[in-house]
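The structure appears right after this line, and notes come after that.
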Amino acid sequence: MNRVFDKLTMIFKQYNSFVLTGHKNMDLDSLGSVLGMYRILKSMNKQVVIYMEEEINNTSVVKALEKLDLYHVKVHLVGSQEVRKMDSENTLLLVIDTHNIKLLDQPWMYEFFKHQVVLDHHIKLVDALEGSELTYINSRLSSMVEFVTLYLHELKINVSPIVGTIMLAGMEIDTNSYNIKTTDRTYEVASYLMKMGANNIDKQTLLQQSMEVYKRRQDFIKTSYMINEKMALCTLNEEIFQKSDLAIIAEELLQFDHVEAAFAIGKIGPHEVGISARSVGTIDVQKIMLALQGGGHKSDAATQLSNVTIHQAKEQLLEIINRGEL
Ligand SMILES: [Mn+2]
């Protein structure tokens, strides 16, 4: 990985102005890795801004931004209007934590800026974004926080304790508390973030959820059932949920005895049904989601189906599972 770091440093030296963006519906891994990269570029005396969605749905991200304020850590956040006014010829766009144009909150940005770098840890898509300067996709990384922390380490740059905390929380989210995609290096990165002052109390606050939301999710989890010896399923009602709700439910189902893979199905838009799939690693849920036009990782995948009911989505899922060839 050191060669990528050298390459990045070389590229960064050629620009003075940078825009950083994570993926749509930013999560803590996206935010944490963007903040870490912001720090690296700032230490190189660059002009850097972070693109931030107007409406932030992820409560952990909202809390993280409040914490930055509280600890007087200044980061330059901008909205899309400000980005449009930037020098598109001489600014480098850095896309972190996705390489899928559909997952950019403002896809036009990718065309707008003439120079781009794409860094991601999700399984590579056929139509991956091609950064003019560099595309680096490594699905063996637990998270983009892992990547950026290793880069910080390489450059001997520290982040402030609160940024370290946000980064640690991001890595925890992406690994489902060090249960998936976790390697010895992931723990080393966690240790390095702790050495920089990452704080477990703040981290817990960031990861905490509102009790109402929790109770509502638990109600659905109670209705979950095993669809075969190793797989659990939860189907939600007709309300519209966030994709992250589905992901959390699927993840929570993994804690139960015998569950090796779990699925949560629910409406995520007026005409869209989402399926979130998680596995402890023994069952390849990515294959199952791919068969439903989705994608992801072996232990962490999802799909979105249009113009189907929850019941139909469930039937499709069961049919693929029952075919048994996966
Ligand atoms: Mn991530």
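Numbering of ligands and ligand atoms starts at 1, following listing order.
- The shortest side-chain heavy-atom distance between Ile56 and Leu65 falls under the 4.5 Å cut-off.
- Because the distance cut-off is set at 2.8 Å, His122 fails to qualify as a neighbour of the Mn ion (ligand 1), as none of its N, O or S atoms comes that close.
- With the Mn ion (ligand 1) as the vertex, OD1 of Asp97 and NE2 of His121 span 80° to the nearest 10°.
- Rounding to the nearest 10°, we obtain 80° for the angle at the Mn ion (ligand 1) between Asp29 OD2 and Asp174 OD2.
- A centroid separation of 6.0 Å or more is found between the aromatic rings of His99 and His122.
- Residues Phe220 and Phe241 bring their aromatic ring centres within 6.0 Å.
- With hydrogens and angles left out, the side-chain atoms of Asn176 and Asn179 include no donor and acceptor closer than 3.5 Å.
- Within the 2.8 Å limit, Asp120 places no N, O or S atom next to the Mn ion (ligand 1).
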